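For reference, the structure discussed in these notes is given below.
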Amino acid sequence: MLDKLFFKKKSPENHTFSEENIPKHVAIIMDGNGRWARKRAMPRIAGHHEGMKTVRKIVKEANKIGIEVLTLYAFSTENWKRPREEVDFLMKLPGEFLNTFLPDLIKENVQVRIMGKKELLPLHTVKAVDEAINKTKNNTGLILNFALNYGSRDEITAAVKALASEVKQGRLEPSQIDDSMIEQHLMTHDLNDPDLLIRTSGEVRLSNFMLWQLAYSEFWFTEVLWPDFSEEHLREAVSQFAGRGRRYGGV
Ligand code: V07
């Protein structure tokens with residue numbers, strides 16, 4: 001409770017943004033870890049490891065700012081195509097991250113979640129993640145939502161399949177299908193759509209990330225590589241968002 005009062009928007013000295021304009025849900029494509037390592041003649045995995053430390057920093061800052069949901073693209077369905085050793089290393093990062101930081105996240109009232117297909121993940125990864133989900137499920141602060149083995153087309157396809165099967169069973173008429181019905185079948189059914197998408201490392205594309213949910217979001221791209229992404233950069237993206245007005249297609 002004390003943590004919540006400290007980190008949430010309750011104490012005026014603890015937030016520097018006007019409350020209305022803080023993005024409630026920020027999604028981040030954490031790109032540039034391999035490039036960060038190459039620039040230092042280090043192996044790619046060293047970049048991933050450094051990127052993990054950045055995750056911790058940015059979660060803390062997001063909580064301070066008063067962001068409600070932070071979705072981080074940790075591993076895509078396409079990432080399985082990477083070399084075996086790199087995939088094995090990546091799959092150990094959730095466990096390492098949680099071993100190191102779960103006690104702090106609990107103290108800070110953070111709720112850990114996962115979106116993606118858990119079935120294909122190694123058992124040790126699933127165990128680490130499930131423990132964190134369980135231990136934080138009643139936390140009421142920042143929702144830290146890791147996209148792990150996530151692909152947006154897969155997610156939409158699964159939603160379409162579920163609806164098609166309801167039609168086949170005669171429980172649904174095709175004419176009844178609308179936006180909100182599709183939304184309810186996505187992994188984000190109980191979350192707001194992201195208000196702000198950040199992608200680091202200079203690539204300007206979505207790479208199969210939250211295609212449906214990002215329909216009306218603001219995008220903020222930076223050349224900064226993820227391991228170099230700082231609290232200041234997050235604040236810069238958030239302030240720029242606060243200065244823009246979103247219109248959802250209206251005027
Ligand atoms: C990963 C570090 C960040 C940069 C992007 C690639 C490497 C944190 C997690 C994580 C995931 C689930 C969870 C707790 C932590 C993570 C992967 C890669 C696969 F419950 N960072 N990080 N997972 N990187």
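From a predicted model like this one, the values you see are computed outputs, not experimental measurements. In listed order, ligands and their atoms are each counted from 1. In this chain, residues are counted from 1 in sequence order.
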Using a 4.0 Å cut-off on heavy atoms, what residues surround ligand 1? Order them by chain and number.
Met30, Asn33, His48, Gly51, Met52, Val55, Ala74, Phe75, Leu90, Leu93, Pro94, Phe97, Leu98, Ile114, Val129, Phe146, Leu148, Trp226
Can you give me every donor-acceptor pair (side chain of residues 48-55, partner residue at least two apart or in another chain, under 3.5 Å) with its distance?
residue : atom : partner : partner atom : Å
His48   : NE2  : Glu86   : OE2          : 2.8
His49   : NE2  : Glu96   : OE1          : 3.4
His49   : NE2  : Glu96   : OE2          : 2.7
Glu50   : OE1  : Lys53   : NZ           : 3.3
Thr54   : OG1  : Glu50   : O            : 3.3
Thr54   : OG1  : Pro227  : O            : 3.3

Any chance the side chains of Thr100 and Arg56 put a donor and an acceptor closer than 3.5 Å?
no
Ignoring hydrogens and angles, state whether a donor on the side chain of Asn149 or Trp80 is under 3.5 Å from an acceptor on the partner side chain.
yes
Under 3.5 Å, is there a donor-acceptor pair linking the side chains of Asp193 and Thr188?
no
What is the distance from atom OG of Ser152 to atom CE of Met187, rounded to the nearest 0.5 Å?
9.5 Å
Looking only at side chains, do Gln213 and Glu155 share a donor and an acceptor under 3.5 Å apart?
yes
